[in-house]
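Heavy atoms only: backbone and side chains are in, while hydrogens, waters and symmetry mates are out. First the proteins, then the strands, lettered A, B, ... as listed; each starts at 1.
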Amino acid sequence: MSFNCRFAPSPTGPLHIGGVRTALFNWLLAKKNKGKFFLRIEDTDKERSKDEFKKQIISSLAWLGIEHDGEEYIQSKNIKKHITIAEELLKKGFAYKCYCSEQEINEQKEKCKKQGIPYVYNRKWREAKELNVPKDVQPVIRFKSKISGNTIIKDLVQGERNISNSTIEDFIILRKDKSPTYQLSATVDDHEMKISHVIRGDDHMINSFKQKQIYDAMGWKVPEFAHIPLIHSEQGKKLSKRDNASTLEDYIKIGILSDALRNYLLRLGWSHKDKEIFTKQESIDLFDLNGVGKSPSKLDLSRIYSINETYIKTIDEKELFNYLKDYASKYKKPLNQVKEKAISKSLSFLKNKAKTLEDIWKNSQYILNDKVEINADDRKLLNDDAKKIIKDFIANYEKTDNLSKETLEPIIKSLIENHKTNFKGVGQPLRIALVGTRFGPGIYDVIKSLDKLIVLERLKKII
RNA sequence: GGUCCCAUCGUCUAUCGGUUAGGACACAUGGUUUUCAUCCAUGAAAGAGGGGUUCGAUUCCCCUUGGGACCGCCA
């Protein structure tokens, strides 16, 4: 049997971090089982679906390294088929026309609310003859949901889930404008696409019970279901668009690496023994639905930073540099060739105290900007003694070619001796003058990372 | 409110009846260092509560409590 998964977002907004994880889990499982991973754009809500979001979703997945098999499937293109199935269900007696107006339904809901009882559609038209239909109401088609008995779904993550059929109302499958609703479209498409495993957020659990009834009515094979727990905000609620840093774009913007985010999302709600860092291949090999927990997990930004830091420090420096370059041109300022060279040469220490690409960018400012700005506190440290040291340093430095730690070290040492100070006494004023802050990289690194003329210019400005 | 679900350090989690309840992040302390950071070491930190079952429960069952999801002619 073929193993087919899908990710089916609706293009009504930028891709949400929870959606990204759903996509990742689907992709992982498909890859692991040598199956297919499809992308289906569920754009049947004409009002809210936007083409730009569709594009954004596709590029977001591409950024994460999750590529789908084949063309993306556009749900709206299959509407005719959905309608055909609705008619078939109608013909077979699994569905019926409901002539209740929206107003009528709303009134019922109001009434229930007032009485404090839960609203369920009263199934008014379920068995009604169509003889006395109101002429002025366009009917909707409702699925004739089972009234008695129970339905059990053996969920691959949640285990056996049992629900009393009476709690499922006669849901609408075709609107009054003859357009299909989600329950119908998703089911028909999953069937047509031969989806074998439906992996989605736990908020879809009820939908699976509804959709199972459609599968059964049509005599279609019901796919396996796996409902993964939702990601919660730090407030412990389902992540919504209002929460900070909830879209993929937000993470890219602060300089999170794709591999790091993939790794973080993988470990959120899933684990494999004590292992924390997974390469892409490892995640494919090791991932399984058994390892997925049942309870929702909270988003932890500090953990994302930490994993990102790990990746920044361990990946190949050329690769890191390329990420930085892309990041700079997309979110900051493109690097010119001269600066590119300077940064790539110094990346080994610029990355050292960075958790994100943005941090590296910030650490690189003293190289990228022509002038350094020294804040007031640091300025105070540049007293007369410090200036004398800088002056002495300039004299020696000007004479030195071939700048390296080996040639610079004797200079610094002699300054320490002559000025009866320690390394800090020499390093700090130089660092402040060259970087603009006393919290900078090692002084040898700083000097080597800057053009000789710039070093002299910055130092002379101080004395 | 109705239906369903969940429950181990602050957070992500390991444990699949017997462990000094382990790891990671974050936090604290100490050390290395050229400032900041890194790095290293150490520390504090958890089975929600109550009943069962069992020789023995974090683990299995029930109740309570707490938390969540769903309840659209959205997907």
Would you mind pulling out the nucleotide paired to B:A46, Watson-Crick or G-U wobble, both distances under 3.5 Å? none
Consider only side-chain N and O atoms of A:Asp189 and A:His82, and report whether a donor and an acceptor are under 3.5 Å apart.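 Short answer, yes.
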Polar side chain donor-acceptor pair, A:Tyr73 to A:Asn78, under 3.5 angstrom: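 A pair is found: one side chain offers a donor N or O, the other an acceptor, under 3.5 Å apart.
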Its contact letters, B for base, S for sugar-phosphate only and - for none at protein heavy atoms under 4.0 Å, make nucleotides 25-43 of chain B read SS-------BBBSS-----
Closest nucleotide among B:C70, B:C5, B:G23 to the A:Gln158 side chain: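 The closest nucleotide is B:C5.
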Heavy atoms from C-beta onward define the side chain here; which of B:C6, B:C12, B:U3 lies closest to that of A:Ser297? B:C12
Closer than 4.0 angstrom, basic N to acidic O: yes or no for A:Arg303 and A:Glu276? yes
Under 4.0 Å, counting only non-hydrogen atoms across every strand here, what does [X] touch: a base, just sugar-phosphate, or nothing?
X        : result
A:Lys237 : sugar-phosphate
A:His232 : sugar-phosphate
A:Leu268 : sugar-phosphate
A:Asn207 : base
A:Cys98  : nothing

When the C1' atoms of B:G56 and B:C39 are compared, how many Å lie between them, rounded to an integer?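 Roughly 44 Å separates the two C1' atoms.
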Say we look at B:U15 and B:A21: how far apart would their C1' atoms be, to the nearest angstrom?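 About 8 Å, rounded to a whole number of Å.
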Compare the aromatic ring of A:His227 with the six-membered base ring of B:A69 and state whether they stack according to the 5.5 Å and 30° rule.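 Here the ring of A:His227 and the base of B:A69 are not stacked, as the 5.5 Å and 30° limits are not both satisfied.
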So among A:Leu265, A:Thr22, A:Leu268, A:Asp250, which one has a side chain to side chain contact (heavy atoms under 4.5 Å, CB included) with A:Ile17? A:Leu265
Distances for protein N/O vs nucleotides 18-22 of chain B N/O pairs under 3.5 angstrom?
residue	atom	partner	partner atom	Å
B:G22	N2	A:Asp274	OD1	2.9

Would you call the rings of A:His204 and A:Tyr182 parallel, tilted or perpendicular, taking 30° and 60° as the class edges?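 Aromatic pair A:His204/A:Tyr182 classed tilted.
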